[in-house]
Amino acid sequence: MVSTPDEQQGHGGSATHDVINQAPPLAPYDACDDTALLEGLRREGAGWAEEDLRRLGRQAGSAQAQEWADLANRHEPELRTHDRYGNRVDEVEFHPSWHHLMRTAIAEGLAASPWADDRPGAHVVRSAGGLVWGHTEAGHGCPTSMTYAAVPALRRQPELAKLYEPLLTSREYDPALREPTEKRGLLAGMGMTEKQGGSDVRTNTTAATPTAEPGVYTLRGHKWFTSAPMCDVFLVLAQAPGGLSCFLVPRVLPDGTRNTFRIQRLKDKLGNRSNASSEPEFDGTVAWLVGPEGQGVKTIIEMVNCTRLDCVMMSAALMRKSLVEAGHHARHRSAFGARLADQPLMRNVLADLALESEAATTLTLRLAGAADRAIRGDEGEAAFRRIATAVGKYWVTKRGPAFTAEALECLGGNGYVEDSGMPRHYREAPLLSIWEGSGNVNALDVLRALSREPGTAEALFGELALARGADARLDAAVTRLRTGLSGASPTTARRLVEQMALTLQASLLVRHAPQAVADAFCATRLGGDWGHAFGTLPESAGLEAIVERALLGGGR
């Protein structure tokens with residue numbers, strides 16, 4: 001007699017085993033359930049947006065938004081150079097999930113809309129929104145970031161700003177490729193680096209030739225790493241007769257014809273795979289001068305300052321998302337007779353990650369507050385922003401890869417498979433240290449600011465002085481930092497900037513975080529009571545209080 005499938009499976013028709021001791025799906029969850037984030041939002045003068053931020057947090061943690069993030073990365077953008085008839089079109093096609101993510105981000109003001117908002121704190125709200133919406137996926141943060149950053153650079157040419165800024169600051173997503181002024185909203189990109197120079201943009205060879213029309217040039221050359229090639233306009237560096245200059249390059253010209261913007265290929269990248277990064281070539285490409293000839297770097301530097309802040313913000317968002325994933329798993333998985341979250345050593349790991357995450361979030365919001373106030377004319381905040389953004393860009397983005405690796409390890413083998421989402425976070429983390437200048441570029445930029453803009457050091461130490469006397473370890477670190485500045489050199493730039501970052505983060509936590517958080521951070525990052533890996537906090541650290549503050553809904 002032949003047995004039935006149910007009989008083959010065993011007793012009662014059951015399978016060989018039941019699935020137990022696995023964490024349930026994290027989604028839906030509230031990505032805004034972050035005490036440090038909400039406290040920072042209020043502290044930096046943007047508490048008026050808290051209700052909207054909480055709504056966005058629920059949407060970011062929804063099953064639908066998390067699915068969009070997954071699908072946008074599984075179905076990568078595809079380059080279509082020609083149409084069926086052989087006409088050159090140079091278009092990039094995206095999965096519908098990409099467009100869902102972009103539409104939400106722009107509608108929520110995560111692109112350039114703060115430039116059209118007169119309310120104090122508008123730029124802080126945008127950064128806070130990025131910390132929350134960053135729980136979805138990072139790739140679509142590239143075009144929104146560049147669009148945000150393009151506005152202050154474009155303002156160097158008022159007639160162009162008058163034409164394009166209302167569309168760049170729009171909250172409508174219009175992905176169609178057509179004449180910019182006929183659209184409901186625009187996206188902006190930038191093309192700076194070339195094969196032979198990378199960050200050394202003064203070696204660029206793309207040539208800009210003036211036409212008979214004032215302010216209009218034609219470009220001939222190439223770019224090596226131009227992300228988001230589907231944007232409507234680009235700020236591009238090229239060599240004009242007067243030197244390296246900045247130009248506005250639209251994909252579609254005012255007469256409706258396509259500008260020459262030949263996409264040679266899309267990059268096959270480690271991470272950030274939902275976002276297209278391209279190698280475009282220009283050949284008679286029409287461009288409009290932005291700012292004076294020969295001042296291309298000076299014109300575009302404000303764009304770089306904005307995108308560097310976004311690198312800090314995106315790293316902090318990635319840390320928080322990875323911590324949430326690790327904490328969720330640890331609270332639902334048991335091993336060796338107890339939940340992972342209750343095992344002392346795992347609790348140490350989670351607490352250490354929580355310290356790093358809170359320090360990154362707090363610094364991000366402080367930098368966003370400085371940017372907001374600097375934009376509104378505060379010279380002291382402008383000086384602080386100048387140096388602190390470069391410091392934060394160097395350090396927070398450097399911490400990202402180690403952080404995400406440790407968070408992934410909290411899930412064990414479960415974290416190493418694509419379905420968990422953790423490999424995507426891990427691949428994403430190194431990008432933020434590379435984008436907008438690698439570690440060396442940012443460290444040397446800090447030295448440049450200190451030597452050429454003396455007010456930056458004064459602004460930094462003025463910020464640190466606000467915590468004077470609150471923690472002896474912090475006071476000692478500030479003294480060491482002053483001494484270190486006198487002997488600063490390119491060889492030791494990384495060490496100096498690391499000290500600046502840790503001291504700045506510690507001063508913010510001492511002033512604004514609970515005692516357990518501030519004390520543990522100062523004891524480890526400044527006092528040396530720490531190992532070389534996460535999870536090496538001392539016995540005296542208030543692990544319970546730190547974890548309870550950090551995990552969704554509390555540590556239990």
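Here the structure is a predicted model, which is why all the values come from computation and not from measurement.
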Side-chain donor/acceptor pairs under 3.5 Å, residues 532-539, sequence neighbours excluded:
{"residue": "T536", "atom": "OG1", "partner": "W530", "partner atom": "NE1", "Å": "3.3"}
{"residue": "T536", "atom": "OG1", "partner": "G531", "partner atom": "N", "Å": "2.9"}
{"residue": "T536", "atom": "OG1", "partner": "A533", "partner atom": "O", "Å": "2.7"}

Practice item. Mind running side chain to side chain contact (heavy atoms under 4.5 Å, CB included) on F521 and V510 for me, showing each step along the way? Key: CA-CA 9 Å; F521 191 91; V510 163; over 6 Å; no
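- The pair D310-R126 meets the salt-bridge criterion, with a side-chain N (NZ, NE, NH1 or NH2) lying under 4.0 Å from an Asp/Glu carboxylate O.
- Counting heavy atoms of neighbouring residues, nucleotides and ligands inside a 6.0 Å radius, atom CD of E50 exceeds 12 of them.
- In terms of modelled atom types and a separation under 3.5 Å, the side chain of S127 and the main chain of V124 share no donor-acceptor contact.
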Review point. Between R386 and N305, does a side chain to side chain donor-acceptor pair (under 3.5 Å) hold up when you go through it step by step?
Key: CA-CA 8 Å; R386 169 67 183 92; N305 285 336; 5.1 Å; no
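- The backbone N or O of G121 lies less than 3.5 Å from a partner atom in the side chain of D372, making a donor-acceptor pair.
- Taking CD of E39 as the reference point, atom CG of D34 lies at 9.0 Å (rounded to 0.5 Å).
- Between R308 and E436 there is no salt bridge, since no side-chain N of the basic residue sits under 4.0 Å from a carboxylate O of the acidic one.
- By the neighbour-count criterion of 12 heavy atoms within 6.0 Å, atom CZ of F461 is densely surrounded, having more than that number from other residues, nucleotides or ligands.
- Partners of Y173 under the ring pair (Phe, Tyr, Trp, His ring centres under 6.0 Å) rule, at least two apart in sequence or in another chain, are H99.
- For H100, the ring pair (Phe, Tyr, Trp, His ring centres under 6.0 Å) partners are W68, not counting sequence neighbours.
- Judged by distance alone, the side chain of T307 and the main-chain N or O of V304 form a donor-acceptor pair under 3.5 Å.
- Remark: E44 engages R373 in a salt bridge, criterion side-chain N to carboxylate O under 4.0 Å.
- Atoms OG1 and CG, from T362 and L37 in turn, are 9.5 Å apart once rounded to the nearest 0.5 Å.
- At least one donor-acceptor pair closer than 3.5 Å links the side chain of K393 to the backbone N or O of G437.
- Residues D445 and N442 have side chains that never bring a donor and an acceptor to within less than 3.5 angstrom of each other.
- Counting only N and O atoms by type, the side chains of N272 and R427 include no donor and acceptor under 3.5 Å apart.
- A donor-acceptor pair under 3.5 Å is formed between the side chain of S420 and the backbone N or O of V417.
- Counting heavy-atom neighbours within 6.0 Å of R55 CZ, excluding the residue itself, gives a total above 12.
- Here R43 contributes atom CZ and L365 contributes atom CG; the two are 7.5 Å apart, rounded to the nearest 0.5 Å.
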Exercise for review: In sequence, state the C-alpha distance, the side-chain angles, and the governing distance for L355 and L509, and then conclude on side chain to side chain contact (heavy atoms under 4.5 Å, CB included).
Suggested key: CA-CA 10 Å; L355 289 179; L509 295 180; 5.8 Å; no
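- Salt bridge absent: D52 and R58 never bring a charged side-chain N and a carboxylate O closer than 4.0 Å.
- For F94, the ring pair (Phe, Tyr, Trp, His ring centres under 6.0 Å) partners at least two apart in sequence or on another chain are W98.
- Taking a cutoff of 4.0 Å between a charged side-chain nitrogen and a carboxylate oxygen, D475 and R468 do not qualify as a salt bridge.
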Practice item. Decide yes or no on side chain to side chain contact (heavy atoms under 4.5 Å, CB included) for L363 and V391, but give the supporting numbers first. Key: CA-CA 10 Å; L363 178 57; V391 168; 6.0 Å; no
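- The existence of a salt bridge linking E358 and R320 is excluded, since no basic side-chain nitrogen approaches an acidic carboxylate oxygen closer than 4.0 Å.
- When atom types are taken as modelled, the side chain of K267 and the backbone of R273 share no donor-acceptor pair closer than 3.5 angstrom.
- Classification of D33 and R54 as a salt-bridged pair fails, no side-chain N sitting under 4.0 Å from a carboxylate O.
- With rounding to the nearest 0.5 Å, the separation of CD in E78 from CG in L266 is 9.5 Å.
- A donor-acceptor contact shorter than 3.5 Å links the side chain of N21 to the backbone of S334.
- Salt bridge absent: E418 and R424 never bring a charged side-chain N and a carboxylate O closer than 4.0 Å.
- In this structure, R331 contributes its side chain and L552 its backbone to a donor-acceptor pair below 3.5 Å.
- Here S62 pairs with Q64, A65 under the side-chain contact (heavy atoms from CB on, under 4.5 Å) rule; sequence neighbours left out.
- Ion pairing between R347 and E544 holds under the 4.0 Å rule for side-chain N and carboxylate O.
- Legend: residues meeting side chain to side chain donor-acceptor pair (under 3.5 Å) with T492, ordered by chain and number and at least two apart, are S489.
- For E67, the side-chain contact (heavy atoms from CB on, under 4.5 Å) test picks out L71, with sequence neighbours left out.
- Applying the ring pair (Phe, Tyr, Trp, His ring centres under 6.0 Å) rule to pairs touching residues 31-58 yields nothing, sequence neighbours excluded.
- Every residue two or more places apart in sequence or in another chain that forms a side chain to side chain donor-acceptor pair (under 3.5 Å) with R473 is listed here: D471, D519.
- Note on residues 96-105: no pairs pass salt bridge (Lys or Arg N to Asp or Glu O under 4.0 Å), not counting sequence neighbours.
- A donor-acceptor pair under 3.5 Å is absent between the side-chain atoms of S433 and the main chain of S438, judged by distance alone.
- Sorted pairs that involve residues 501-510 and meet side chain to side chain donor-acceptor pair (under 3.5 Å), not counting sequence neighbours, are lacking altogether.
- Using a 4.0 Å cut-off between charged side-chain N and carboxylate O, E463 and R511 make a salt bridge.
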Tell me which donor-acceptor pairs under 3.5 Å the side chains of residues 322-329 have, and how far apart each pair is, sequence neighbours excluded?
{"residue": "S322", "atom": "OG", "partner": "L318", "partner atom": "O", "Å": "2.9"}
{"residue": "E325", "atom": "OE2", "partner": "K321", "partner atom": "NZ", "Å": "3.1"}
{"residue": "H328", "atom": "NE2", "partner": "P24", "partner atom": "O", "Å": "2.7"}

Exercise for review: Evaluate the side chain to side chain contact (heavy atoms under 4.5 Å, CB included) criterion for residues Y148 and L110: first the C-alpha distance (whole Å), next the side-chain angles of each, then the deciding distance (0.1 Å), finally the verdict.
Suggested key: CA-CA 8 Å; Y148 170 70; L110 304 187; over 6 Å; no
Point to revise | Worked check of side chain to side chain donor-acceptor pair (under 3.5 Å) between T136 and Q66 | key: CA-CA 6 Å; T136 56; Q66 294 298 309; over 6 Å; no
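- Electrostatic pairing of E108 and R171 does not count as a salt bridge here, judged by no charged N lying under 4.0 Å from a carboxylate O.
- Without hydrogens or angle criteria, N348 side chain to P344 main chain gives no donor-acceptor distance under 3.5 Å.
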